[in-house]
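To keep things clear, I will list the structure first and then write my remarks on it.
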Number of protein chains: 2
Amino acid sequence: MSDKIDVLLVDDHAVVRAGYKTYLSLSNKIGDIYEADKGETACQLYTQYQPNIVVMDLSMPGIGGFESIRRLIARDPNCKILVFSIHNELVYVTRAIKAGAKGYITKNSVPETLVAAVCQIAAGGSYVEPELAQQLAFNIASEKDESEQIKQLSPREFDVFCLLARGYTTRKAAEKLCLSYKTVCNHGTSIKEKLGVKSVAEMTLLASRHGIIDNLAH
Amino acid sequence: MSDKIDVLLVDDHAVVRAGYKTYLSLSNKIGDIYEADKGETACQLYTQYQPNIVVMDLSMPGIGGFESIRRLIARDPNCKILVFSIHNELVYVTRAIKAGAKGYITKNSVPETLVAAVCQIAAGGSYVEPELAQQLAFNIASEKDESEQIKQLSPREFDVFCLLARGYTTRKAAEKLCLSYKTVCNHGTSIKEKLGVKSVAEMTLLASRHGIIDNLAH
DNA sequence: ATACTCTCGGGATATTTTCCCTGTTTTTTC
DNA sequence: GAAAAAACAGGGAAAATATCCCGAGAGTAT
């Protein structure tokens, strides 16, 4: 183990990890690079290799990105996590940071940005993509946004919200989150109350408006 | 211009393109690699560089993947396009092929698969990821385009569909249509069956994809 | 220490949906 | 023009789901 920065890459797509690697290998400050394709594996590898930083995507099969962050933090409260996501919606940024991430950049970033963010965070700092940081600053000021409602959701509620809005049944969401059906049911009820909607379809629409659903490919 | 295969990469994320490149550069059959971040640019670069094959993602800003395929084909009917997508749903595969793509693989594919597919298609063949091809084969009977499914709805069912997808509860839809609650319920069931969805949220997503709901204006 | 909020779920009770079935009206089809 | 096939509307019973109310434990802030 040298003074270089060891990185754990977490993304479910091998080709994307290859891209990360290419970016990171441009710098001689980066040491070993480990790879995980999902959150569960990431937790395991983190304990095993003790990397200096975790670079990860949010959308993954299994426990998903947010829960992955929480679990990593639970294992090691000093764990340094940089989220490198496809999403440039503020909701995700704030959620990720609340979950414990030290940084957030998007996949549009250039290699230098990734390396810079990694170094900065590994050194104990934090890094949020300037453009997003700007938006955040303005967003905090103006509190009339419709997404205020979404911000009111607790972390767990947000998890449930994402799944239900995507078309998951309550039962399947419970399965995915390893929760009792009743718990998800209850979360669903309070989500609807907080968002002021009556049906799951309305939840979907709201989520869709905020880009929480990748309604990609037209 | 040698006998190597020149490739045009189309993906809006630079890091993903870097991954593609890493994969492709493993083979000495690959020649020049050009890059585009969206469909419009792709069309332009295609005309300019005349690559042997286009490798592209489906979810992109601007005109999107499907329209990009159509435009490329319009420019050059012999244009060889390999879709390399995050989506493993059959709908996307069939739509891509209908649009004119010669191949389809997912981002879970290993490097060898990508290179093999590229070579095969460049040589005039086609390539669909075996697993997806299998599923397609079994799905031929029920293979319908999404919009085909919507067309299958009877007029009355379509009425109900629109309301439910917009967030109306069954009860309110019944009220609006001056029908018994039970009737709307039953329509709902057959709609779900015809569309092949399990929840109202999925109906909403489907409707949203087809522009039946204008969710962009809020 | 106290008071939050978040999380998780049980039990009893609505509510909703499904499945199956009976009719009536259109619309096709031969 | 008659027969067949959809579409349309709903009832009843049973199954599935959701809600409401409750309490317990964990964590955090005052």
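Naming convention: chains lettered A, B, ... in sequence-line order (proteins, then strands); numbering from 1 in each chain. Reckoned from all heavy atoms, side chains included, excluding hydrogens, waters and symmetry mates.
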key: Distance, rounded to the nearest Å, where A:Lys198 contributes NZ and D:dT17 contributes C1'   = 14 Å
task = Could you tell me the separation between the CG atom of B:Leu164 and the P atom of C:dT17, rounded to a whole number of Å?
result = 8 Å
task = Can you figure out which of C:dT18, D:dG11, C:dT7 approaches the side chain of A:Ser154 most closely?
result = C:dT7
message = Any carboxylate oxygen within less than 4.0 angstrom of a Lys/Arg side-chain nitrogen, looking at A:Lys192 and A:Glu202?
response = no
remark   = Among D:dA9, C:dG10, D:dG10, the one nearest any side-chain atom of A:Ser180 is C:dG10
message = I'd like to know if B:Asn186 reaches the base of C:dC19 with its side chain such that a donor and an acceptor end up less than 3.5 angstrom apart.
response = yes
ask   = Rounded to whole angstrom units, what separation is found between the OH atom of A:Tyr181 and the P atom of D:dA16?
value = 11 Å
ask   = Once you round it to whole Å, what is the distance between P of D:dA7 and CZ of B:Arg156?
value = 14 Å
message = Nearest to the B:Lys182 side chain among C:dT17, D:dT17, C:dC8, which nucleotide is it?
response = C:dT17
A:His187 NE2 - D:dC20 C1' separation (whole Å) = 16 Å
ask   = Looking for any heavy atom pair under 4.0 Å, which part of the strands does B:Thr170 touch: base, sugar-phosphate only, or nothing?
value = sugar-phosphate
ask   = Are B:Thr189 and C:dT18 close enough that a side-chain N or O sits under 4.0 Å from OP1 or OP2?
value = yes
task = Examine the side chains of A:Tyr49 and A:Asp32 and answer whether a donor and an acceptor come within less than 3.5 Å of each other.
result = no
ask   = Heavy atoms under 4.0 Å, any strand shown: does B:Thr183 hit a base, just sugar-phosphate, or nothing?
value = base
inquiry  = Without decimals, in angstroms, what is the distance between A:Lys194 NZ and C:dC6 P?
reply    = 5 Å
ask   = So, A:Glu193 side chain and A:Thr189 main chain: donor-acceptor pair closer than 3.5 Å or not?
value = no
note = Taken to the nearest whole Å, CD/B:Glu175 to C1'/D:dG10 is 18 Å
note = Between CD1 of A:Ile73 and P of D:dG27 the distance, given in whole Å, is 15 Å
message = By nearest atom, which of the nucleotides D:dA18, C:dT18, D:dC8 is closest to the A:Lys192 side chain?
response = D:dA18
request  = May I have all residue pairs that pass side-chain hydrogen bond (donor to acceptor under 3.5 Å, both in side chains) and include part of residues 110-129 of chain A, sequence neighbours excluded?
outcome  = A:Thr106-A:Glu129, A:Ser109-A:Glu129
query = Counting N and O atoms only, with roles assigned by atom type, does the side chain of A:Tyr23 sit under 3.5 Å from a partner on the main chain of A:Leu114, one being a donor and the other an acceptor?
reply = no
